[in-house]
Number of protein chains: 2
Amino acid sequence: MAEQSQYAELVRQVSAVGVVKRGLSRMLPAECPAGPAAVLHLLDRHGEMQLIRLAELLAIDTSVTSRHVSHVAERGWIERSTDPCDRRSRILRLTPAGKELLDRLAEHCTDALARALDDWSDDDVGQLNAMLARLRGSFSGPGPGPRHPEVTRTPA
Amino acid sequence: MAEQSQYAELVRQVSAVGVVKRGLSRMLPAECPAGPAAVLHLLDRHGEMQLIRLAELLAIDTSVTSRHVSHVAERGWIERSTDPCDRRSRILRLTPAGKELLDRLAEHCTDALARALDDWSDDDVGQLNAMLARLRGSFSGPGPGPRHPEVTRTPA
DNA sequence: TATTGTTATACTCTATAACTATA
DNA sequence: TATAGTTATAGAGTATAACAATA
């Protein structure tokens with residue numbers, strides 16, 4: 001159990017991760033922004049899957065996932081085939097073109113990250129990855145609690 | 001210097017921090033979303049300052065900062081007084097009402113975080129904070145490199 | 001009736017660019 | 001001319017709700 005000042009600092013640090021995200025986004029081509037890129041990455045890493053599972057891995061709503069998926073499907077980077085076992089669902093699979101794009105992005109991002117993080121050891125990055133994964137786990141668990149209650153509002 | 005697989009994982013982890021950010025946002029009242037809340041927090045922590053300095057601390061554009069500041073100023077949580085030394089700039093200062101709101105938010109968030117992170121030690125949180133700060137530093141430095149170049153685009 | 005996926009709508013956060021007022 | 005701040009516009013990302021098709 002940590003102290004309150006640590007929590008406040010954590011909230012600030014998490015908010016400020018936005019700068020890093022935007023930095024990473026700028027490495028991506030306009031045609032394939034961060035959301036769609038994450039779709040390609042997960043399909044490559046975990047293999048073909050249904051949309052609902054993809055949404056779980058992305059930790060976002062299925063409606064949003066559906067749009068990202070449409071984006072990459074329209075460009076031929078993935079294909080959607082109807083599941084013969086359950087014709088409601090569609091199987092999402094990376095195409096060779098998608099794999100090519102992904103490899104190109106990975107290479108490009110690696111170069112840029114290697115420059116930005118040249119003083120980070122492999123172990124440093126591994127530790128940060130582990131802590132972020134743990135943080136996410138702590139938040140997806142029983143839920144972070146209810147929405148903030150009543151606020152004494154100053155009239156607009 | 002870390003390996004490529006670690007970088008790829010880092011990109012995913014950073015993207016996925018969004019879940020945590022949204023979890024934190026849900027703790028906030030509708031009247032004071034995350035952006036404005038960060039303004040209050042920084043003014044409390046660093047004392048009165050100009051908008052341009054606030055934008056630096058938030059690591060966002062001054063135009064965006066200006067809107068967040070207007071949001072909290074309209075609700076009486078901060079006051080903007082013209083700097084007598086330089087009448088172009090305005091001094092931003094937390095009001096007692098703003099301080100009250102902030103304390104209420106801090107208490108509420110601390111409770112929720114204490115529940116979500118009950119198995120994190122003070123040291124764990126401190127380490128994560130330090131690594132996130134370092135990560136941000138690595139990205140604000142000489143710049144993460146140029147935008148992604150040409151993409152062999154599949155016709156839409 | 002429940003589930004998979006899609007679409008419509010709205011909100012937050014952000015950047016770029018054009019503008020005002022002051023230095 | 002340059003700087004502090006504001007506003008207009010646009011884009012990415014998200015959630016909620018309503019909907020279609022299938023189970």
Side-chain angles (χ1 to χ4, degrees), chain A residues 14-39 48-56 58-74 78-92 143 147-148, chain B residues 14-39 48-56 58-74 78-92 143 147-148:
Chain A
V14 167
S15 299
V17 167
V19 213
V20 177
K21 289 182 75 169
R22 290 193 294 282
L24 292 173
S25 290
R26 270 190 288 274
M27 298 176 190
L28 297 173
E31 188 97 42
C32 184
V39 168
E48 61 184 44
M49 66 181 80
Q50 299 180 354
L51 186 138
I52 199 171
R53 166 137 172 70
L54 186 57
E56 277 166 20
L58 289 167
I60 57 178
D61 194 81
T62 56
S63 65
V64 182
T65 308
S66 179
R67 276 213 329 221
H68 291 333
V69 163
S70 295
H71 181 101
V72 292
E74 283 161 10
I78 71 164
E79 60 183 14
R80 290 184 279 201
S81 54
T82 301
D83 185 341
C85 304
D86 180 347
R87 279 162 49 212
R88 289 173 304 183
S89 72
R90 308 172 77 174
I91 298 173
L92 310 176
R147 186 170 189 88
H148 189 90
Chain B
V14 167
S15 298
V17 166
V19 213
V20 177
K21 288 183 75 168
R22 290 192 296 283
L24 292 173
S25 290
R26 269 190 289 275
M27 297 176 191
L28 298 172
E31 186 99 43
C32 184
V39 168
E48 60 183 46
M49 66 181 78
Q50 299 181 355
L51 186 138
I52 199 171
R53 166 136 169 72
L54 187 57
E56 277 165 20
L58 288 168
I60 57 177
D61 194 82
T62 56
S63 65
V64 182
T65 307
S66 179
R67 274 212 331 217
H68 291 332
V69 163
S70 295
H71 180 100
V72 292
E74 282 160 12
I78 70 163
E79 61 182 13
R80 291 185 278 201
S81 54
T82 302
D83 185 341
C85 304
D86 181 347
R87 280 162 48 209
R88 288 174 304 183
S89 73
R90 307 172 78 173
I91 298 173
L92 310 176
R147 183 166 191 91
H148 189 91

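Each chain gets a letter, A, B and so on, in the order its sequence line appears, and its residues count up from 1.
- Of the possible donor and acceptor atoms, none in the side chain of A/H68 sits under 3.5 Å from a partner among the backbone N and O of A/A37.
- C/dC11 atom P lies 14 Å from atom CD of B/E31, rounded to whole Å.
- Between the base of C/dT22 and the side chain of B/R87 there is no donor-acceptor pair shorter than 3.5 Å.
- Comparing D/dT16, C/dT14, C/dA21 by their closest approach to the side chain of A/S63 singles out D/dT16.
- The side chain of B/D86 approaches C/dA23 more closely than any other nucleotide in the set D/dG13, C/dA23, D/dG5.
- Contact record, B/S66 with B/L51: CA-CD1, 3.6 Å, taken as the closest heavy-atom pair.
- Heavy-atom distances to DNA chain C give each of A/S89 and A/V64 a nearest nucleotide, and the one nearer the 5′ end belongs to A/S89.
- Counting only heavy atoms from C-beta on, A/I60 has its side chain closest to D/dT14 among D/dT16, D/dT14, D/dA23.
- For A/R22, the listed nucleotide lying nearest its side chain is C/dA15; candidates were C/dA15, D/dA23, C/dA23.
- For a distance-only test at 3.5 Å, the side chain of B/R67 fails to qualify as a donor-acceptor partner of the base of C/dT12.
- Counting only heavy atoms from C-beta on, B/R88 has its side chain closest to D/dA4 among C/dT6, C/dT14, D/dA4.
- Once rounded to the nearest 0.5 Å, the distance linking OG1 of A/T65 with CD of A/Q50 reads 13.0 Å.
- Between the CG atom of A/L54 and the P atom of D/dT14 there is a distance of 12 Å, rounded to whole Å.
- Counting any heavy atom pair closer than 4.0 Å across all strands shown, A/R80 reaches sugar-phosphate atoms only and no base atom.
- Side-chain proximity of A/Q50 to the nucleotides C/dT16, C/dT4, D/dT7 is greatest for C/dT4.
- The interatomic distance linking A/L24 (CG) with D/dG13 (P) rounds to 12 Å, in whole Å.
- Looking only at side-chain heavy atoms (C-beta outward), A/L28 and A/P33 stay at 4.5 Å or farther from each other.
- Distance from the side chain of B/R90 is smallest to D/dT6 among D/dT6, C/dA21, C/dT3.
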